[in-house]
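The first residue in the sequence is number 1, and the count goes up from there. When a ligand or atom number is given, it counts from 1 through the structure's own listing order. Only a predicted model underlies this, so the values are computations on that prediction, with no experimental measurement involved.
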Amino acid sequence: MSERANLLDFTLPALTEWLAAHGEKAFRARQLFQWIHQRGVADFDAMTDLAKSLREKLKGIAEVRPPAVLSEHRSADGTVKWLFDVGAGRGSKSNAIETVFIPEDDRGTLCVSSQVGCALDCKFCSTGRQGFNRDLGAGEIIGQLWVANRRLEEMEREGFSSRLEPDEPRVSSLASRSPRPVSNVVMMGMGEPLNNFQPVVDAMSMMLDDLAYGLSRRRVTLSTSGVVPNIRKLAEALPVALAVSLHAPNDEIRSRIMPVNDAYPIEELLQACREYLEVSPRDFITFEYVMLEGVNDAPEQAHELARLLESVPSKVNLIPFNAFPDSGFARTDMARVRRFQQILLDAGYIATVRKTRGDDIDAACGQLAGQVVNRMKKKYVRIQSQPGH
Ligand code: SAH
Ligand code: SF4
């Protein structure tokens, strides 16, 4: 492993402090931060407005070290998926995380991982099935965005479109879009972001920093299975848009499919959501609801859900289940999903059905595969990539 500091680990205040300890002024930190994140530059020699002596010094003590890309897959629909090596040793292929880019008309969304595996063991989730290995560092989290922007820009130069604008000339549309390919981030890859609190907050603060990616709080969404105390901590530390994986209209069903519900049952979770809305950049909470055949998808359960959410301004996102081997669950057919959706719409909710993207490259945001050495169960588990959502 390298002895040099990985500059991707540093928020701007941390970088300022680190440079000060090496005798450099605060404005140097701002310049360096902009080179790294705004322009995606890793080579100190290319940072032409830094003094030559500083560049030489940096070469000896620091580097910009993103997680290594193991593979990159591009889908016919513009979706791109990366597999990153986050193994213990260099070149080790024993631990991997996935990151997915999903282009849409008016935005480019990156689905980012926060942990290697996940400890929360939701029964319908292939990441949960793999168990937990470790938390990602802030540099490994922001590194996914750093690499994605760079690679997508390279691909654009090669003529691969990461922006869906079939009829418009590129130049005119660029003006109305964010300058870099990734305009939105969702913390919906592998892991429970609120169980890796500080590194996730540090990485998100870099996403928001005007000298880095400059994304507004509304364009960064954290998805949680409902770790209630940390929803409150997030409200204080960095209130971004919040999505909550609810997946059930009552505690009985939720506890069966999400063990976290035993620790933080639905009423506590909804109370935390109501409090969060006081500081949230959005005036609703997005509730995710994966449709599991015969488990939570009956019309009466839609009515029950509508009653449950009356006290929280909400938007419901129905997710078609992505099956994986021996999951024990099946995907609800689309007619039944539509019926469930209609009941919510009739009750006055905004209810959407998540589109399936990147099917041909198994790019299912929310149940990403990777390959994790499970530290908890002390056994080696490998799960294959699954068909996309
Ligand atoms: N741990 C966080 C974020 C990662 S999961 C959370 O649970 O919210 C992102 C979303 O994908 C969650 O809503 C999760 O419940 C959903 N998901 C997990 N497994 C899935 C599957 N097999 N099919 C469809 N969605 C799934
Ligand atoms: Fe973890 Fe989220 Fe999967 Fe549950 S759904 S096991 S919290 S990644």
Side-chain angles (χ1 to χ4, degrees), residues 97-100 102 109-133 135-136 141 185-197 200 220-228 230-231 234 240-248 254-264 269 273 285-293 295-297 315-332 337 352-359 362-370 372 374 376 381 383-389:
I97 52 152
E98 289 188 351
T99 307
V100 176
I102 305 143
T109 303
L110 194 70
C111 178
V112 168
S113 293
S114 57
Q115 296 182 312
V116 185
C118 182
L120 292 187
D121 200 23
C122 301
K123 301 306 173 195
F124 49 81
C125 173
S126 90
T127 304
R129 173 68 62 89
Q130 293 179 77
F132 174 75
N133 186 279
D135 288 326
L136 294 176
I141 299 169
V185 172
V186 291
M187 299 300 301
M188 289 188 190
M190 296 170 74
E192 167 50 56
L194 291 185
N195 276 357
N196 182 20
F197 193 81
V200 164
V220 175
T221 301
L222 184 142
S223 174
T224 179
S225 57
V227 185
V228 165
N230 289 358
I231 293 177
L234 184 68
V240 294
L242 187 67
V244 169
S245 297
L246 188 61
H247 304 324
R254 194 164 193 264
S255 285
R256 236 192 299 146
I257 57 177
M258 300 181 73
V260 67
N261 195 65
D262 292 336
Y264 309 111
L269 177 56
C273 288
I285 302 285
T286 301
F287 288 98
E288 294 158 281
Y289 196 100
V290 61
M291 299 293 286
L292 303 169
E293 189 185 75
V295 176
N296 63 359
D297 64 345
K315 196 173 141 178
V316 180
N317 193 8
L318 302 174
I319 311 175
F321 171 63
N322 293 294
F324 55 93
D326 305 319
S327 73
F329 296 99
R331 182 186 280 206
T332 302
V337 175
T352 52
V353 178
R354 185 175 287 174
K355 267 188 283 172
T356 303
R357 296 292 302 274
D359 265 354
D362 295 344
C365 180
Q367 55 102 54
L368 301 177
V372 173
N374 185 3
M376 290 190 317
V381 185
I383 303 284
Q384 300 295 324
S385 278
Q386 297 311 310
H389 57 60

At their closest point, which heavy atom of [X] faces which heavy atom of [Y], and how far apart are they?
X: Leu136; Y: Val116; answer: CD2-CG2, 3.6 Å
X: Met258; Y: His247; answer: SD-CD2, 3.7 Å
X: Ser223; Y: Pro193; answer: O-CG, 3.1 Å

Ligand 1 versus [X], non-hydrogen atoms closer than 4.0 Å: side chain, backbone, both, neither?
X: Glu288; answer: side chain
X: Val244; answer: neither
X: His247; answer: side chain

Any heavy atom of Gly191 sitting closer than 4.0 Å to ligand 2?
->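 The answer is yes, since Gly191 has a heavy atom less than 4.0 Å from ligand 2.
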
Going by the atom numbers of ligand 1, which of them fall below 4.0 Å from some non-hydrogen atom of [X]?
X: Met188; value: 4 (C), 9 (C)
X: Pro320; value: 24 (C)
X: Cys125; value: 18 (C), 19 (N)
X: Ser225; value: 6 (C), 7 (O), 8 (O)
X: Gly189; value: 4 (C)
X: Thr224; value: 6 (C), 8 (O)
X: Phe321; value: 21 (C), 22 (N), 23 (N)

Enumerated ligand 2 atoms positioned under 4.0 Å from heavy atoms of Gly128 | 6 (S)

Distance-only N or O hit between ligand 1 and Phe124, under 3.5 Å =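 N/O-N/O distance below 3.5 Å exists for this pair.
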
Arg354-ligand 1 polar pair, N/O distance under 3.5 Å | no

Counting only N and O atoms by type, is there a donor-acceptor contact under 3.5 Å from the side chain of [X] to the main-chain atoms of [Y]?
X: Glu98; Y: Gly189; value: no
X: Ser113; Y: Met190; value: yes
X: Asn196; Y: Ser114; value: yes
X: Arg254; Y: Leu246; value: yes
X: Asn230; Y: Leu194; value: yes

Just going by heavy-atom distances, which of [options] is nearest to [atom]?
atom: atom 7 (S) of ligand 2; options: Ser225, Gly189, Cys125; result: Ser225
atom: atom 23 (N) of ligand 1; options: Asn322, Ile319, Val260; result: Asn322
atom: atom 1 (N) of ligand 1; options: Gly191, Cys111, Cys118; result: Gly191

Measure from atom 3 (Fe) of ligand 2 to each N, O or S atom of Cys122 and report whether any distance is below 2.8 Å.
->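 Cys122 does not place any N, O or S atom closer than 2.8 Å to atom 3 (Fe) of ligand 2.
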
Enclosure of Asp262 CG (heavy-atom neighbours >12, cutoff 6.0 Å) = yes

Quick one: list whatever passes salt bridge (Lys or Arg N to Asp or Glu O under 4.0 Å) with Asp297, sequence neighbours left out.
-> Arg336

List for me each residue that meets side chain to side chain donor-acceptor pair (under 3.5 Å) alongside Asn317, sequence neighbours excluded, and say none if there are none.
->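 With sequence neighbours excluded, Asn317 shows a side chain to side chain donor-acceptor pair (under 3.5 Å) to Thr352, given in chain and number order.
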
